[in-house]
Amino acid sequence: MIAERSHGLPLYLDLAVLRFLELRRAGRTPTPADFGTDFPALLTRTLADLTPDERHLLRAVSLVDAFDLPLATAAAGLSHLSAAARLVERPFVRHDPFALWPYHLHALIRSTLRTADDATDDRWTDTDWQRAAARALAALGAQWQTSSGPDRRLLVGCLRQGLALARDHRLELGWLTDAAWAYTDDYVWEPLPLPARESGDGELATAADALAELLAALARRQHEHRSVTASRLTRVIDTGLLPAELTEMAVYYRARAYRDLGQSDASRDGMRLVADGGGRLAPDAARGLAHLARATGDFPTALSTAGALGWRGRGNRVLGDIHFAHGDMNQAATAFATARTEAEQHGNTREQAIAQAHLALAYAFADPDRANDEIALAEQLLAGLDQRATALTLKVAALAREASTLTDLEGARALRAEIHAAGINSAEAVFELALALHHAVLGDHDKVRTVIHRLHELAQRGDYAYYADVAHYMAGLPLPAPSPTTWLDGPDAVRTPGGASSSRTGRSVSFDSQVSPVGRVSDCWRRRRCRDRRCRTARPR
């Protein structure tokens with residue numbers, strides 16, 4: 001009878017063995033009639049064989065993916081661990097000593113417990129299930145909030161289980177709000193997969209639904225086109241389900257997606273809204289406004305904004321970007337190195353990786369040998385982090401490092417396709433600038449003009465048009481028309497080596513085809529050619 005009813009399901013056989021042994025322990029002789037039931041009925045009979053406390057615990061832990069003794073006890077509303085210790089000895093409780101929470105129930109048991117007819121005297125009402133879910137959610141929050149130190153694994157585990165509980169039982173977010181901020185602050189972006197809703201309609205009906213979609217969109221943006229990210233975040237914002245501070249998070253990251261897509265006006269509106277709100281992301285939004293000013297070539301505004309950002313707004317990294325755009329690689333490298341040091345002092349691995357990748361990019365244009373070490377360090381810092389834009393910056397740095405030595409451009413074409421698929425406008429512009437460097441060093445002005453044409457196409461929305469100016473300066477080509485770019489000291493200081501220095505930037509090197517295409521030392525063109533073995537002149541060290 002057991003074999004026939006099991007339909008080969010090992011879980012049925014496990015429960016049948018358990019029931020068989022319970023009947024024997026109770027002094028009865030098991031008969032085929034005791035097992036002439038399907039799985040839900042067998043589970044119900046198994047439930048009846050447990051003690052009242054064990055039944056409460058089993059129902060409570062069916063609400064979570066995994067548990068330990070304190071979590072099970074708290075979810076069941078009991079005051080002692082002994083019943084939980086007995087329950088986990090039952091064969092239907094699975095044990096994984098290496099898991100964050102070592103115990104779990106089979107998914108079929110979890111779902112059946114909620115739907116099967118329960119003939120026990122202490123069966124739970126809908127209110128009991130709701131209260132148990134609230135207790136489990138509170139217990140998860142307590143575990144995260146009372147942990148001895150930063151524990152990313154615990155944070156992600158509590159978020160994933162807590163979001164599912166809050167979503168399925170329409171609970172208030174509570175500690176999940178702070179956990180969401182902790183998740184985004186680290187910029188690691190592990191996925192937070194939640195089990196599908198029973199309805200399967202994908203509707204955002206609760207605050208937990210909206211928060212889960214928000215965090216999923218932020219994590220997936222590392223693997224999706226930025227237009228998809230913007231669309232998903234708009235859907236979250238439009239629900240109106242999130243509290244104001246989490247809505248601010250969605251607005252900020254949508255503004256970042258708009259910026260990457262080159263939709264500057266929409267991005268500026270979002271950044272200004274967040275900056276004016278004075279919330280947690282106000283410094284980040286102020287940095288976003290500085291980036292937008294730089295993207296349009298308004299460098300005085302970008303510089304004045306950067307000066308007020310400080311560490312929280314990543315002011316040194318913004319300064320590095322401004323110096324890089326002007327060809328002042330010495331000042332850019334100094335600013336990026338300072339930004340990296342600040343991030344290290346604050347224990348921010350993600351920001352370290354970003355600053356280091358930008359530092360590697362600056363050296364890739366200015367000093368290929370030094371760039372080798374900087375790229376290697378950036379790769380080390382990026383290991384284990386899911387940061388698509390930073391990874392693309394590093395790949396562009398590797399391309400710029402090889403300028404004039406590339407034997408073919410197949411790798412460059414593949415990188416262009418990867419950047420285009422990501423939908424990051426700024427990365428496309430810097431990529432084309434690296435190609436312009438390659439062709440300019442080799443003296444191939446026709447190919448430089450082709451790159452300039454692509455840069456003009458990228459700048460149709462009004463962003464990063466100054467890179468076309470820079471490409472002209474690299475190849476010593478005249479600008480076809482006056483540039484709308486507002487350089488800090490005018491175009492001559494950018495184009496001419498040893499041009500006018502500024503007390504604001506301390507710039508003393510610049511772009512020039514005859515001496516320094518991107519602010520290198522005065523013999524950097526000769527160094528490039530020596531590296532390519534096109535010049536027999538001994539390379540200075």
Side-chain angles (χ1 to χ4, degrees), residues 226-227 230 251-276 283-309 313-315 317-328 331-332 335 358 361 389 393 396 419 423-433 436 451-474 479-495 502 504-505 507 510-511 518:
R226 287 297 197 263
S227 61
V251 170
Y252 169 73
Y253 280 101
R254 184 178 65 173
R256 285 187 58 168
Y258 284 149
R259 186 188 73 202
D260 289 339
L261 292 167
Q263 299 177 27
S264 297
D265 290 340
S267 178
R268 192 173 291 105
D269 289 343
M271 292 293 185
R272 188 170 290 118
L273 180 65
V274 175
D276 291 345
D284 301 81
R287 180 177 72 253
L289 291 170
H291 282 315
L292 288 165
R294 175 175 58 85
T296 60
D298 183 2
F299 288 105
T301 298
L303 184 65
S304 64
T305 304
L309 291 177
R314 311 301 189 254
R317 175 152 60 86
V318 176
L319 285 174
D321 289 333
I322 294 171
H323 292 311
F324 176 88
H326 284 74
D328 188 349
Q331 290 290 333
H358 282 76
L361 180 66
T393 297
V396 173
I419 294 172
I424 302 177
N425 204 40
S426 59
E428 288 191 77
V430 178
F431 165 83
E432 296 296 346
L433 188 66
V451 172
I452 290 171
H453 177 72
R454 287 197 294 267
L455 284 168
H456 281 304
E457 289 181 336
L458 286 172
Q460 288 301 309
R461 301 184 186 94
D463 287 342
Y464 304 106
Y466 57 85
Y467 279 133
D469 296 359
V470 170
H472 280 93
Y473 299 157
M474 284 180 174
L479 295 181
S483 172
T485 302
T486 309
W487 299 105
L488 293 176
D489 301 313
D492 288 342
V494 180
R495 180 180 60 244
S502 166
R504 290 173 294 176
T505 65
R507 185 170 55 258
S510 49
F511 297 99
V518 278

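All values below were derived from every heavy atom in this structure, side-chain atoms included, with hydrogens, water molecules and symmetry-related copies excluded.
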I'd like to know if the side chain of H323 reaches the main chain of A335, judged simply by a donor and an acceptor atom lying under 3.5 Å from each other, with no hydrogens or angles considered.
no

side-chain hydrogen bond (donor to acceptor under 3.5 Å, both in side chains) partners for R254, two or more places apart
T234

For the residue pair W487 and F299, categorise the inter-ring angle as parallel (less than 30°), tilted (30 to 60°) or perpendicular (more than 60°).
parallel

Just verifying a value: how many Å separate L455 CG and Y467 OH, rounded to the nearest 0.5 Å?
9.5 Å

Any chance you could lay out the side chain to side chain contact (heavy atoms under 4.5 Å, CB included) test for T305 and V318, step after step, and finish with the verdict?
CA-CA 9 Å; T305 304; V318 176; over 6 Å; no

Determine yes or no for a side-chain-to-main-chain donor-acceptor pair under 3.5 angstrom, with S267 supplying the side chain and A255 the backbone.
yes

Output for pair (R268 CZ, L273 CG), nearest 0.5 Å, gives 14.5 Å

Just verifying a value: how many Å separate L289 CG and R272 CZ, rounded to the nearest 0.5 Å?
6.0 Å

With sequence neighbours excluded, residues passing side chain to side chain contact (heavy atoms under 4.5 Å, CB included) with A459
A465

Nearest heavy-atom pair of G320 and A332: which atoms, and what distance?
O-CB, 3.6 Å

Can you measure from CE (M271) to CG (L292) and round to the nearest 0.5 angstrom?
6.0 Å

Quick one: does any side-chain atom of Q263 pair with a main-chain N or O of R259 as donor and acceptor, under 3.5 Å?
no

Minimum heavy-atom separation for L309 to R287, with atom names?
CD2-N, 3.7 Å

Output for pair (R454 CZ, F431 CZ), nearest 0.5 Å, gives 7.0 Å

Heavy-atom distance under 4.5 Å between the side chains of L433 and M474, does that happen here?
yes

Taking atom NE2 as the centre, does H453 end up with more than 12 heavy-atom neighbours from other residues, nucleotides or ligands that are less than 6.0 angstrom away?
no

Within the 4.5 Å heavy-atom criterion, are F324 and Q331 side-chain neighbours or not?
no

At their closest point, which heavy atom of L319 faces which heavy atom of A306, and how far apart are they?
CD2-CB, 4.0 Å

Between H456 and Q460, what is the shortest heavy-atom contact and its length?
O-NE2, 3.0 Å

P491 and T485, any side-chain heavy atoms less than 4.5 Å apart
no

Using a 4.5 Å cut-off on heavy atoms from C-beta on, say whether the side chain of Y464 contacts that of L458.
no

Mind checking whether L361 and V396 have side chains closer than 4.5 Å, heavy atoms only?
yes

Who are the ring-ring contact (aromatic ring centres under 6.0 Å, His included) partners of H358, not counting sequence neighbours?
F336

Quick one: closest heavy-atom pair of E432 and V451, and the distance?
O-CG1, 3.2 Å

Under a 4.5 Å cut-off applied to non-hydrogen side-chain atoms, are D469 and V494 in contact?
no

Correct closest heavy-atom pair for T301 and D298 would be OG1-OD2, 2.7 Å

